[in-house]
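Okay, so here's the structure we're looking at.
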Amino acid sequence: MTFWIPGTEILWCYGDPGSDWVTPMRVVRDDPEALVAWLPMGTPVRKLVRGDGQELRAVMAERFTAPRRQVLGTWTGSSVLRIYRPGEGWSSWAFFDGVSGQFEGWYLNVEEPHRRGPRETRSRDQVVDLWVEPTGEIVRKDVDELELAVAQGRYTQQQADELMITLAAAERAVLAGGSPFDQGWEAFAPDPSWPTPTLP
């Protein structure tokens, strides 16, 4: 595998080309242990919305069945350091206040193994996630949406059960306190010379 050098702009994608979330990011580190990339607030992105232009969660009765389309958007609210460790069923995101840079907490996004291209890494989001407060409190997120995904035919019950097993494994990883949670990423600050990543 060819690794990207720090400072390289890549695309971090969820879904299939043309119907995916596309986020340009800047590589912080890339080696056999982990891909670490930076997403500053204000970065242009391609995101998915309903066919009628509303956000995906606008009508929960059609959350996983409504037609979708890709539109241009902007990453707002926080800046994020994303860390993907090969072999894990999730990526770990360190959230920072987009203005002050203060660490806000960890978000573990359950997802498929990544597939890499020349300048992109691609996965598929798997609905459920964890939020970890700076105090260490762990909150399971979107379990109700996983139940809805089964009811609306996106997953079978067996697949949903397997995702909950992965979610539990992510919880254990947080509680164990190993990489990436013991590497000081909470104090990360980007190189001030880096410009905001751009879409191709």
key: Nearest-0.5 Å distance that lies between atom CG in Leu167 and atom CG in Asp129   = 8.0 Å
Minimum heavy-atom distance between Gly53 and Arg69, given as atom pair plus value = CA-NH2, 3.5 Å
inquiry  = Between Arg116 and Thr2 (side chain of the first, backbone of the second, donor and acceptor by atom type, cut-off under 3.5 Å), is there such a pair?
reply    = yes
query = Measuring from Lys47:NZ to Thr74:OG1, what's the distance to the nearest 0.5 Å?
reply = 8.5 Å
ask   = Would you find a donor on one side and an acceptor on the other, under 3.5 Å apart, between the side chain of Ser123 and the backbone of Glu112?
value = yes
inquiry  = Using 0.5 Å steps for rounding, measure from the CH2 atom of Trp185 to the CZ atom of Phe103.
reply    = 13.0 Å
inquiry  = Checking Phe3 now: which residues fulfil ring pair (Phe, Tyr, Trp, His ring centres under 6.0 Å) with it, not counting sequence neighbours?
reply    = none
inquiry  = Looking at Gln54, I want to see if its CD is surrounded by more than 12 non-hydrogen atoms of other residues, nucleotides or ligands under 6.0 Å.
reply    = yes
key: Trp21: ring pair (Phe, Tyr, Trp, His ring centres under 6.0 Å) partners, not counting sequence neighbours   = none
key: Any donor-acceptor pair under 3.5 Å from Asp31 side chain to Ala34 backbone   = yes
request  = Would you indicate whether the side-chain heavy atoms of Gln126 and Thr166 approach each other to under 4.5 Å?
outcome  = no
Min side-chain heavy-atom separation Glu9-Thr198 under 4.5 Å = yes
task = State yes or no: do Trp194 and Phe96 share one hydrophobic cluster built from I, L, V, M, F, W and Y residues joined by side-chain heavy-atom distances below 4.5 Å, directly or via other members?
result = yes
query = Out of Ile10, Ile83, Val28, which one pairs with Leu35 under the side chain to side chain contact (heavy atoms under 4.5 Å, CB included) rule?
reply = Ile10
ask   = So how far is it from Glu162 CD to Gln157 CD, rounded to the nearest 0.5 Å?
value = 10.5 Å
request  = Would you give the length of the straight line joining atom NZ of Lys141 to atom CG of Leu130, rounded to the nearest 0.5 angstrom?
outcome  = 10.0 Å
task = State whether the side chain of Trp75 and the backbone N or O of Ser78 hold a donor-acceptor pair below 3.5 Å, judged by distance alone.
result = yes
query = Can you find a side-chain donor-acceptor pair between Arg85 and Ser179 that sits under 3.5 Å?
reply = yes
key: With Val71, the side chain to side chain contact (heavy atoms under 4.5 Å, CB included) member among Val45, Val49, Leu48   = Val49
message = Between Val150 and Val59, is there shared hydrophobic-cluster membership here, with clusters defined by ILVMFWY side-chain heavy atoms closer than 4.5 Å?
response = no
query = Per the side chain to side chain donor-acceptor pair (under 3.5 Å) rule, which among Arg154, Gln152, Arg57 passes with Glu145?
reply = Arg57
inquiry  = I want to check a possible cation-pi pair here: Arg82 against Trp38, using under 6.0 Å from ring centre and within 45° of the ring axis as the test.
reply    = no
message = Starting from Leu199, can I reach Val27 by hopping between I/L/V/M/F/W/Y residues whose side chains sit under 4.5 Å apart?
response = no
query = What residues, two or more places apart in sequence or in another chain, satisfy side chain to side chain donor-acceptor pair (under 3.5 Å) together with Arg115?
reply = none
request  = In sequence, state the C-alpha distance, the side-chain angles, and the governing distance for Arg63 and Glu55, and then conclude on salt bridge (charged side-chain N to carboxylate O under 4.0 Å, His left out).
outcome  = CA-CA 10 Å; Arg63 171 70 173 87; Glu55 296 298 323; over 6 Å; no
message = Is the shortest side-chain heavy-atom distance between Leu39 and Pro24 below 4.5 Å?
response = no
query = Is there a donor-acceptor contact under 3.5 Å linking the side chains of Glu111 and Tyr84?
reply = no
ask   = Got a donor-acceptor contact below 3.5 angstrom from the Asp97 side chain to the Ser100 backbone?
value = yes
message = Tell me if the CD atom of Gln158 is crowded by more than 12 foreign heavy atoms within 6.0 Å.
response = no
key: Asp52/Arg68 ion pair, N-O < 4.0 Å   = no
ask   = Do Gln70 and Ser19 have side-chain N/O donor and acceptor atoms under 3.5 Å apart?
value = no
inquiry  = Arg172: which residues meet the side-chain contact (heavy atoms from CB on, under 4.5 Å) condition with it, sequence neighbours left out?
reply    = Ala168, Ala169
query = Would you call the rings of Trp93 and Phe95 parallel, tilted or perpendicular if under 30° counts as parallel and over 60° as perpendicular?
reply = parallel
ask   = Ile5 and Val36: same hydrophobic cluster, using ILVMFWY side-chain contacts below 4.5 Å?
value = no
request  = Could you list the residues that satisfy salt bridge (Lys or Arg N to Asp or Glu O under 4.0 Å) with Arg122, not counting sequence neighbours?
outcome  = Asp20, Glu120
query = With a 4.5 Å heavy-atom cut-off, do Leu148 and Phe64 have their side chains touching?
reply = yes
ask   = Would you find a donor on one side and an acceptor on the other, under 3.5 Å apart, between the side chain of Arg26 and the backbone of Pro195?
value = yes
Any residue meeting side chain to side chain donor-acceptor pair (under 3.5 Å) with Trp131, in chain and number order, not counting sequence neighbours = Glu133
ILVMFWY network linking Trp12 to Trp90, side-chain heavy atoms under 4.5 angstrom = no
query = Looking at side-chain heavy atoms only, is the closest gap between Leu163 and Val110 below 4.5 Å?
reply = yes
task = Supply the atom-to-atom distance His114 NE2 to Cys13 SG, rounded to the nearest 0.5 angstrom.
result = 10.0 Å
